[in-house]
Amino acid sequence: MIFDKTGTLTMGKPIVTKIISFFPKSYSEKQILEIAATAEIQSEHPLGLSIVQKAKDTGILIGKPSSFISFPGQGVKAIVNDDDVIIGSPKMCSKEEVDLSEIQHVIDSVQNEGKTTSIVIINKKPMGILALSDIPKPSAKIAIKQIQKHNIEIIMLTGDNEQTAQAIAKEVGIKKLIANVLPSDKVEQIAKIQREGKTVIMVGDGINDAPALTKADVGIAMGSGTDIAVDSGGIVLLRNNISDVVSAIEISKKTVAKIKQNLAYSFVYNIALIPVAAFGLLHPALSGIAMAASSVSVTCSSLSLKRWKPLISKKS
């Protein structure tokens, strides 16, 4: 079972906890936030939304960029006040050939705190960093522990940096993770695991997860996620509660077990009575009654599921 991080295992509402300006005389921390929020105003990514919200909370009047391009899982490019602005991850900065060597120690320091870094690049020069922090959902740790009891291997798949991903994984009890993965690469990661002969369940909620949800053998979409993610999921959880993933597993197992039980009932009736009927020892009326009894027993057995509840639902 592969879990997306942001919005699935975590609350999906990162908070800007620190603003760093490398050239405070040129750009104050408030100006760095204003430029970043203006560049991100059209973004739908949780990090972008958090940056915009932080600016609003600070009382900054957010403008509109002259142009805007979003790079899923990496960041955005925009023109703000005639300046070329990039707000993104270190990977995006590397792709745009922006030299981060002078500030790498600052990036490492922020990431070692388990925070996500959004670097503010103005005209190809790093001017500041926004540090964002997201917390796990209260139900995540319990749900992960319950899933592991079903002998299901769990992997966290995220585009976030290794340090931040490691901090979240440790907190919720996931031992294996794959970090720094672009949305387009999530599909390949799933395909790689499938080529090993394993059945893959993908749990996600964002627009970036839609292709991965489709590629997996079973896609589970959080009901609070984007419409495209919900449409891509084979199972849609109506609540934004990760414990419902455990419920889905238990319901599936119970349903299959009930199907097998009903088949066993049917076989018992047929194996017992067909030979009797073949020798002419079963009256047609009794045969009809036995057939009806078989159908009734199977139906009553199936209806008994209405009284059954998943274990985690009983606990909550």
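Note that the structure is predicted; figures quoted are calculated from it, not measured.
Using a 4.5 Å cut-off between side-chain heavy atoms of Ile, Leu, Val, Met, Phe, Trp and Tyr, with links allowed through other members, V268 and V298 fall into different hydrophobic clusters. Note on M11 and V52: separate hydrophobic clusters, where clusters join Ile, Leu, Val, Met, Phe, Trp and Tyr whose side-chain heavy atoms are under 4.5 Å apart, directly or indirectly. Placement of V98 and V120 within a single hydrophobic cluster is found when ILVMFWY residues are connected by side-chain heavy-atom separations under 4.5 Å, directly or transitively. In the hydrophobic cluster analysis, where Ile, Leu, Val, Met, Phe, Trp and Tyr join through side-chain heavy atoms closer than 4.5 angstrom, I122 is grouped together with I69.
With rounding to the nearest 0.5 angstrom, the CZ atom of F3 is 8.5 Å from the OG1 atom of T8. Note: Q74 CD to K91 NZ = 7.5 Å, rounded to the nearest 0.5 Å.
Taking I259 as the reference, T255, L263 meet the side-chain contact (heavy atoms from CB on, under 4.5 Å) condition, with sequence neighbours excluded.
Remark: E97 does not engage K124 in a salt bridge, criterion side-chain N to carboxylate O under 4.0 Å. In this structure, K5 pairs ionically with D160, as a charged nitrogen and a carboxylate oxygen lie closer than 4.0 Å.
Annotation: side chain of E153 is not in contact with side chain of Q148 (no heavy-atom distance under 4.5 Å). With a 4.5 Å cut-off on side-chain heavy atoms, M156 and I154 do not count as touching. Side-chain contact check for V203 versus M1: some heavy-atom pair is nearer than 4.5 Å. Annotation: side chain of K141 is not in contact with side chain of P136 (no heavy-atom distance under 4.5 Å). Between F71 and H45, every side-chain heavy-atom pair lies at or beyond the 4.5 Å cut-off.
Within the 3.5 Å criterion, the main-chain N or O of P310 finds no donor-acceptor partner in the side chain of K254.
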key: Verdict with supporting geometry, S304 and R307, side chain to side chain contact (heavy atoms under 4.5 Å, CB included)   = CA-CA 6 Å; S304 68; R307 296 191 300 272; 3.7 Å; yes
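Counting only N and O atoms by type, the side chains of N161 and T164 include a donor and acceptor under 3.5 Å apart. Side chains of S302 and N262: a donor on one and an acceptor on the other come within 3.5 Å. Side-chain atoms of K137 and N240 include a donor-acceptor pair closer than 3.5 Å.
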Donor-acceptor pairs under 3.5 angstrom involving side-chain atoms of residues 168-189: please list them, not counting sequence neighbours.
from: K186; atom 1: NZ; to: D4; atom 2: OD1; distance (Å): 3.2
from: K186; atom 1: NZ; to: D209; atom 2: OD1; distance (Å): 3.0
from: E188; atom 1: OE2; to: R195; atom 2: NH2; distance (Å): 2.8

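The cationic atom of K125 (NZ for Lys, CZ for Arg) does not lie both less than 6.0 Å from the six-membered ring centre of F22 and within 45° of the ring axis.
Here the options are D83, I79, T38, the test is side-chain contact (heavy atoms from CB on, under 4.5 Å), and the partner is P65; only T38 passes.
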